[in-house]
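Here's the structure we're looking at; comments come further down.
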Amino acid sequence: MDEQPRLMHSHAGVGMAGHPGLPQHMQEGGGATDADGRKQDIGDILQQIMTITDQSLDEAQARKHALNCHRMKPALFNVLCEIKEKTVLSIRGAQEEEPPDPQLMRLDNMLLAEGVSGPEKGGGSAAAAAAAAASGGAGADNSAEHSDYRAKLSQIRQIYHTELEKYEQACNEFTTHVMNLLREQSRTRPISPKEIERMVSIIHRKFSSIQMQLKQSTCEAVMILRSRFLDARRKRRNFNKQATEILNEYFYSHLSNPYPSEEAKEELAKKCAITVAQVSNWFGNKRIRYKKNIGKFQEEANMYAARTAVNAANASSHGSQANSPSTPNSAGGYPSPCYQSDRRIQ
DNA sequence: CTGCATGATTAGCT
DNA sequence: AGCTAATCATGCAG
């Protein structure tokens with residue numbers, strides 16, 4: 001009759017060692033009704049569970065076995081499972097659905113774009129080539145640097161993959177270990193398959209945060225590598241003297257309109273062994289720097305003017321042409337007089 | 001190491 | 001699209 005409160009009590013006291021056991025009466029449901037008998041059975045089982053910590057290992061094993069074989073065990077087990085599911089799982093189950101982490105997606109995309117993850121080879125060199133093209137490199141002397149870059153990238157790639165493999169292996173090992181443990185324990189305590197599933201997903205989440213760190217540091221390494229090898233600014237080389245002279249010659253002989261056409265740029269690029277983009281850069285820089293400080297460039301302007309004059313003289317002495325068509329202005333003439341319809345620097 | 005020179009990049013304009 | 005102006009980052013002479 002007052003069995004129930006006492007049971008509740010002992011249940012609340014789980015973990016407290018040394019609970020005095022009740023005498024082991026009512027073993028096989030004495031007289032009474034069927035319901036009464038079941039209640040007694042449950043009380044009995046719980047009591048045995050409570051006292052199990054006080055027993056020796058052998059004794060406990062025997063008791064465990066006895067409990068496992070008890071005819072009421074499945075029923076009790078199911079009930080406990082059900083209760084547990086209703087309380088614990090339903091509370092935490094709601095937040096189970098997690099959207100794909102945007103940061104992880106970003107990292108994944110970047111690794112894929114850099115050719116670190118994804119299919120073997122091809123991607124990396126393609127990215128390198130694209131980056132080189134974007135930076136407008138001439139491509140002549142940087143092929144060695146490219147192979148260096150590729151070597152370093154594949155090194156990163158290899159480290160990334162071995163680490164990832166290690167991680168996956170560890171994750172799988174741990175997961176199976178935990179699953180085995182839970183399956184083992186599910187014989188003695190209520191663990192539903194759902195709960196195992198949840199535990200697995202918890203483990204996976206923990207491990208994926210490690211994976212995230214791996215991806216992040218790999219991305220950082222790639223970024224550093226990239227900036228070191230592919231950022232054109234970092235490997236800026238001055239043009240050789242000849243190229244500079246060709247460009248300057250054109251600039252000062254077209255001082256009234258130092259805006260070479262596309263064709264002129266192409267020709268200059270060819271002569272100087274640089275790209276058209278570099279020619280454009282050079283003229284852009286030259287115009288602005290000349291304009292900013294004409295005085296500073298005066299000497300240079302005079303020198304190139306003299307040179308073109310000499311060239312013109314040579315040309316006229318050789319051929320029949322009197323003077324060069326597009327060099328009407330003297331060396332210092334840039335700012336003041338001669339902007340007619342041409343574009344002017346302002 | 002410092003300061004200037006210089007090629008490249010970027011934002012904003014036309 | 002091409003340009004200017006500002007800026008960045010490196011090269012290099014002193």
Side-chain angles (χ1 to χ4, degrees), chain A residues 110 113-114 125-150 152-153 219-308 326-327 329 331-346:
Chain A
M110 190 192 145
E114 293 298 330
S125 49
S135 70
D141 70 324
N142 55 15
S143 66
E145 287 184 35
H146 269 181
S147 70
D148 204 4
Y149 171 82
R150 276 203 294 276
K152 287 251 161 54
L153 189 68
C219 275
E220 274 165 23
V222 171
M223 288 315 283
I224 289 165
L225 185 70
R226 249 183 105 93
S227 67
R228 192 161 297 162
F229 279 88
L230 297 177
D231 186 350
R233 287 208 267 205
R234 284 187 180 279
K235 57 187 177 75
R236 194 197 112 232
R237 292 274 127 69
N238 291 350
F239 299 152
N240 62 39
K241 212 174 168 194
Q242 204 186 346
T244 313
E245 278 185 14
I246 291 166
L247 294 167
N248 271 318
E249 225 162 89
Y250 188 97
F251 181 79
Y252 287 111
S253 65
H254 296 75
L255 209 47
S256 64
N257 184 32
Y259 297 87
S261 65
E262 197 58 33
E263 298 86 67
K265 280 182 194 171
E266 274 168 30
E267 191 168 336
L268 285 168
K270 211 184 210 174
K271 275 197 214 166
C272 302
I274 58 178
T275 65
V276 174
Q278 284 175 303
V279 173
S280 297
N281 281 339
W282 189 92
F283 273 89
N285 284 323
K286 190 72 184 181
R287 281 190 298 264
I288 191 69
R289 282 163 188 165
Y290 182 84
K291 194 191 99 175
K292 263 187 176 170
N293 194 348
I294 294 166
K296 198 174 77 183
F297 287 92
Q298 196 66 64
E299 206 180 313
E300 193 179 64
N302 289 334
M303 193 189 87
Y304 280 102
R307 194 178 297 187
T308 50
S326 53
T327 52
N329 47 321
Y334 184 57
S336 38
C338 39
Y339 301 119
Q340 286 100 341
S341 58
D342 282 330
R343 185 206 298 269
R344 66 182 62 200
I345 296 175
Q346 47 188 353

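Residue numbers begin at 1 in each chain, while the letters A, B, ... track the order of the sequences.
Which of B:dA8, C:dT4, C:dC3 sits closest to the side chain of A:Gln278 comes down to B:dA8. The side chain of A:Tyr259 approaches C:dT4 more closely than any other nucleotide in the set C:dT4, B:dT9, B:dA5. Side-chain proximity of A:Asn285 to C:dG2, C:dC12, B:dT9: nearest is B:dT9.
Atom CD in A:Glu300 sits about 12 Å away from atom C1' in B:dT6, given to the nearest Å. In this structure, A:Phe239 atom CZ and C:dC12 atom P are separated by 13 Å, rounded to whole Å. Here B:dT6 presents its C1' atom at 12 Å from CG of A:Asn248, a figure rounded to the nearest Å. For the pair A:Asn293 CG and B:dT6 C1', the interatomic distance rounds to 15 Å; values are reported in whole Å. Rounded to a whole Å, the CZ atom of A:Arg236 is 12 Å from the P atom of B:dA5. Rounded to a whole Å, the CG atom of A:Asn240 is 15 Å from the C1' atom of C:dG11. As a whole-Å value, the separation of A:Arg289 CZ from B:dT6 P is 8 Å. C:dA5 atom C1' lies 12 Å from atom CZ of A:Arg287, rounded to whole Å.
Residue A:Lys286 is classed as having no contact, given no heavy-atom separation below 4.0 Å to the nucleic acid.
In this structure, A:Glu249 places its CD atom where more than 12 heavy-atom neighbours from other residues, nucleotides or ligands lie under 6.0 Å away. Residue-environment remark: CD (A:Glu245) exceeds the threshold of 12 foreign heavy atoms within 6.0 Å.
Nearest heavy atom pair, residue A:Tyr304 against residue A:Thr244, reads OH-O, 4.4 Å. Across all their heavy atoms, A:Lys265 and A:Pro260 have their closest contact at CE-O, 3.5 Å.
Taking side-chain N and O atoms only, A:Arg237 has a distance below 4.0 Å to OP1 or OP2 of C:dG11. A:Lys265 has no side-chain polar atom (N or O) that falls below the 4.0 Å cut-off from OP1 or OP2 of C:dG2. Phosphate proximity of B:dA5 to A:Lys292: absent, as no side-chain N or O sits under 4.0 Å from OP1 or OP2. A:Asn281 has a side-chain polar atom (N or O) that falls below the 4.0 Å cut-off from OP1 or OP2 of B:dA8.
With A:Gln278 contributing its side chain and A:Thr275 its backbone, the two residues share a donor-acceptor pair below 3.5 Å.
In this structure, A:Asn238 and A:Phe283 both approach DNA chain C, and ranking their closest nucleotides by distance from the 5' end singles out A:Phe283.
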